[in-house]
Trainee: 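One structure coming up, written as structure tokens, with questions to follow.
Here the structure is a predicted model, which is why all the values come from computation and not from measurement. Lettering of chains follows the sequences in order, A, B, ..., and the numbering in each one begins at 1.
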Number of protein chains: 2
Amino acid sequence: MLALTKRTEYALIAMCHLARNPASVVSARDMAEQFHVRLPLLMNVLKLLNKNRLLKSTRGASGGYLLAAQPGEITLGRLVAAVEGPVRLVKCAPGAAPRGENCELANSCPVRIPVLRVHHRFEQFMDTISIADLAFDYRYGALETAGTGGGTLGGASLELPLAGNAGLR
Amino acid sequence: MLALTKRTEYALIAMCHLARNPASVVSARDMAEQFHVRLPLLMNVLKLLNKNRLLKSTRGASGGYLLAAQPGEITLGRLVAAVEGPVRLVKCAPGAAPRGENCELANSCPVRIPVLRVHHRFEQFMDTISIADLAFDYRYGALETAGTGGGTLGGASLELPLAGNAGLR
DNA sequence: TTGAAATCGGATTGAATCGATACTATATTA
DNA sequence: TAATATAGTATCGATTCAATCCGATTTCAA
């Protein structure tokens, strides 16, 4: 179905909240109550984010979490990789293989090169979006007009000339 | 892990082969033998592609498959949707919901709008890549220099100013 | 010193999806 | 009529994900 997991959704909520409240330590309980999400699951996600150095944690009473870097320096790609594992659109993509799982076809694959190129572009896509972009985007009305030039995302920029020799339809 | 399924990989191989051999009907058996993929699984994928009108089939002896449209008109997004179901990065995205599954937070979600915007951009990303782009891209050496201006994909174009008011880090 | 609050590290269970296979029906050609 | 090929559906095992639970560790404050 090609969807983000609930872990990523929870991570986005938490990271964006921390981005909006810098210099204040926020506990998992606080966030769970404020956003009406389940505490145990949120804690699992926060553990993953901390383990992968996207958050700093302080234990004990009045403990909680802080962003480990500036919101503009943490990308969606890093966030997803932290809670879902490394992004690998295809098994032949470089990066940590889940189970030594490589493509059976390898060099004989007739679409390997262009698909790897798509994978590379997708990585760029994910790493171009920062937590700051998500946390500080309040332009609610922009969605309907997106793609036609309106809104914060409307400004072109995603045309993808995948294969110049193919005559970009 | 955010990966494409094997069904998509098989679909890409088949669709690209058909794009490269227009005006000739190709059977599932032929493609399975030529590309060393398992015939039953390939047939399952071809059934899905046919059911979703991405290719035309003719039964009987000397039957097989044909693309249902020009390679430049069939996008990666449509292909993935045909074999994996509609692409919905997040559950709150519009489109066929798998099981009436909508976001519990709905309007109270603090990241809903920007995330929906990312979803929309991702849809554009998938629909900008055509089968023709993948089938006729033979520039093997371009991968290493992609992102710096070389290769068929290197030409910028994927900068994503998600939130202009956030100061694009 | 004690207790409460909070994170940390696993381990486990159930549901959903995916890979893989099998079987029957239908259509076309020779 | 026989062989070939697709169409539709159904099933089983493996993997992943959501959800839960447990005990351990750290910190603050009474």
Trainee: Distance check needed: C:dA5 P versus A:L46 CG, whole Å only.
Mentor: 19 Å
Trainee: Side chains of A:N21 and A:S24: any donor to acceptor distance under 3.5 Å?
Mentor: no
Trainee: So if I take the C1' atoms of five pairs at each end of the helix from C:dT1-D:dA30 to C:dA30-D:dT1 and get each local axis, what angle do the two axes make, rounded to 10 degrees?
Mentor: 10°
Trainee: With a 4.0 Å heavy-atom cut-off, tell me which residues in residues 50-61 of chain A come close to DNA chain C, sorted by residue number.
Mentor: A:N50, A:S57, A:T58, A:R59, A:G60, A:A61
Trainee: In whole angstrom, give the distance that lies between atom CG of B:L66 and atom P of C:dT28.
Mentor: 15 Å
Trainee: Phosphate oxygens OP1/OP2 of C:dA20: is one of them under 4.0 Å from a side-chain N or O of B:K6?
Mentor: yes
Trainee: Taking the minimum atom-to-atom distance to the side chain of A:S27, which one of D:dT6, C:dA20, C:dA6 wins?
Mentor: C:dA6
Trainee: May I ask you to evaluate whether A:R29 reaches the phosphate of C:dA5, defined as a side-chain N or O under 4.0 Å from OP1 or OP2?
Mentor: no
Trainee: Go through D:dC17, C:dA20, D:dA19 for me and flag the one nearest to the B:N44 side chain.
Mentor: C:dA20
Trainee: If the cut-off is 4.0 Å, is A:R7 near the phosphate of D:dC17, judged by side-chain N/O to OP1 or OP2?
Mentor: yes
Trainee: In whole angstroms, how far is the C1' atom of C:dG19 from the CG atom of B:L39?
Mentor: 15 Å
Trainee: Should B:Y65 be listed as having a side-chain N or O under 4.0 Å from OP1 or OP2 of D:dA7?
Mentor: yes
Trainee: Please list all pairs passing the side-chain hydrogen bond (donor to acceptor under 3.5 Å, both in side chains) test where one or both residues lie in residues 6-16 of chain A, with sequence neighbours left out.
Mentor: A:K6-B:E104, A:T8-A:E84, A:E9-B:K91
Trainee: Enter the distance from B:L76:CG to B:L12:CG here, rounded to the nearest 0.5 Å.
Mentor: 6.0 Å
Trainee: Aromatic rings B:F35 and B:H17: how do their planes relate, parallel, tilted or perpendicular, breaks at 30° and 60°?
Mentor: perpendicular
Trainee: Take atom NZ of A:K91 and atom P of D:dT15, then tell me their distance rounded to the nearest Å.
Mentor: 14 Å
